[in-house]
Amino acid sequence: IYDRNGNILADNIVVYSLSARSVKLKNKSELAKKLSQIIDIDADIIYNKLQFKNNIYLKKNISPKENQKIIDLGEINLTTPVSNKRIYPYQNIGSHIVGYVDLDNRGQAGVERGFEDDLSNGKDIFLTIDINLQNAVRNELLSTINEFSADSGLIIIMDVRTGEILSSSSYPDFDPNNHKTFNENNLFNRSIQANYEMGSTFKPLTVAMGFEKNLIKPEMYFDVSKPIKNTIHDYHPHKGSYNIKEIIVNSSNIGSAKMAEIIGKKNQQEFFKKIGFTKKIDIQLLEAAQPMGNRYNWGPIETMTIGYGHGYAITPLHLITAYSMISNNGIKIKPKIFLEEQSLIYKEQIIKPETSNYILSLLRAVVTETKFTGSQIKIDGYEIGGKTGTADLIKNGKYQKNANLTSFLGVFPISKPKYAVLAIIENPKKTKKIKRLTGATVSTPLVKKIILRMIEILNLPRVTNEEILNAATTISNNNRNVIN
């Protein structure tokens, strides 16, 4: 298995094992002492094993040098059968993507499992990930998890034009060379297996589905001054009304809920089906999970809360794929981990180009017009847009008041999108410097660090002249019609 640049991620090496026909051995005590010096096992342990009458294994995976020393002993009742051992030079880096094999070299997870037949028949597999970028991403992710004493985290980087996954890091992770690091928590690939309610990253999707149906227009205003039925509140209350851009920039739950109420349950369900939120993503990583969606009650209140990302659960891969399609002029893409000679080119228009341009302008406004988010993500010359998300974590079917999920999904450059970057941190804790745990304070700075590393590793040029977005995306303040 190779990365996109030809770096070896998994390979077979020839190894030897030491076994003995103990019943035919003579002078076992002296032999045990000699073997102890070669294979670094206590002579008494070796001697005790040699007391068994049947053939026994003394040590697996001995080196070629050890093998030669054993041959030089001249003991015909010692044998060193040859076998293949799977090795992973990059250890934990990219382990969820690469996967691992069992003792019989059969793929158990990741690419090892998904391409089991090809690999067992000697075919080389080249992946879309860049292992140098993967290493940088993992380091930045670990730094943030440690800073906030978080439970876990993940980052996905996708090429929005092709669906290629350039990096996918989920932590905790494991070393595929060391089965002692294998436990359920470490092996769980949160990028493709975890279902989360994504919070405010759903708000641009709500605008998109309404814009598609001509139910939501830029000039519309919504009264956000009062909570809805004492259950839907805004983090930063506002006495007055917001237009669509202001709802997204200020991340208004009330405004998003009122938009969703106009859009309705049927249109939500139709849109989610169109962007792939109702089925498992077709990718060669077989662990990829089915989105949970909304399995329970989907009434009028739930229709509104889904508008701001509460009450509907998907995997992180689903979310970044949806944003990538929106950023790709509304054209369908398929997430890829296998670097084929030619990318599949889809012609299916998931949303209209006008909708794509409008949503991109809103994502850019989040960066250029917000006090909290913009300062955390701006990089001169790279024209970044995006959306924060903060959601309560669910445990045993109940929302936890003191545990949340923070996220940021960035797209750049907005005038001609190439990359989407999603960072999610699970259950961060307050620090001396940061008391408010939100997508803006936890995950947004992380995405900035990731993009800076992308610029360095992928040698990404600055956008010298920002293209003016299509005039249709201009958000007008005329025709002020307030919706209560």
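Numbers here are sequence positions counted from 1.
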Do any pairs count as a side chain to side chain donor-acceptor pair (under 3.5 Å) and have a residue in residues 226-236, sequence neighbours left out, and if so which ones?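 Sorted result for residues 226-236: D234-S252.
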
Filter on side chain to side chain donor-acceptor pair (under 3.5 Å), then keep only pairs touching residues 208-217, sequence neighbours left out; what's left?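 Side chain to side chain donor-acceptor pair (under 3.5 Å) check on residues 208-217 returns E212-T355, K213-E270.
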
[X]: partners by ring pair (Phe, Tyr, Trp, His ring centres under 6.0 Å), with sequence neighbours left out:
X	value
Y196	none
F271	none
F115	F338
Y323	none

Side chain to side chain donor-acceptor pair (under 3.5 Å) with [X]: which residues, sequence neighbours excluded?
X	value
S168	S191
D380	none
Q349	none
R436	none

What's the separation between atom [atom1] in [X] and atom [atom2] in [Y], rounded to the nearest 0.5 Å?
X	Y	atom1	atom2	value
L339	E164	CG	CD	5.5 Å
E261	M304	CD	CE	5.0 Å
N132	D3	CG	CG	7.0 Å

Would you call the rings of Y100 and F174 parallel, tilted or perpendicular, taking 30° and 60° as the class edges?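 Perpendicular: the ring planes of Y100 and F174 meet at over 60°.
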
Is the shortest side-chain N to carboxylate O distance from K416 to E383 below 4.0 Å?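 Judged by the 4.0 Å cut-off on N to carboxylate O distance, K416 and E383 do not form a salt bridge.
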
Which residues pass the side-chain contact (heavy atoms from CB on, under 4.5 Å) test with R453, not counting sequence neighbours?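 So R453 forms a side-chain contact (heavy atoms from CB on, under 4.5 Å) with A136, E140, E456, I457.
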
Tell me, please, which residues at least two apart from I379 pass side-chain contact (heavy atoms from CB on, under 4.5 Å). Y382, I384, K448, I451, L452, I455

Check each of N357, I351, I350 against I326 using the side chain to side chain contact (heavy atoms under 4.5 Å, CB included) test, and report the only one that passes. I351

Check each of I156, I275, L409 against L319 using the side chain to side chain contact (heavy atoms under 4.5 Å, CB included) test, and report the only one that passes. L409

With a cut-off of 6.0 Å (strictly less than), are more than 12 heavy atoms of other residues, nucleotides or ligands near CG of N402?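 Atom CG in N402 is not crowded, with 12 or fewer foreign heavy atoms closer than 6.0 Å.
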
Just wondering, more than 12 heavy atoms not from K430 lying within 6.0 Å of its NZ? no

Are side-chain N/O atoms of [X] and [Y] paired as donor and acceptor at under 3.5 Å?
X	Y	answer
W298	Q269	no
E219	N243	no
N92	D173	yes

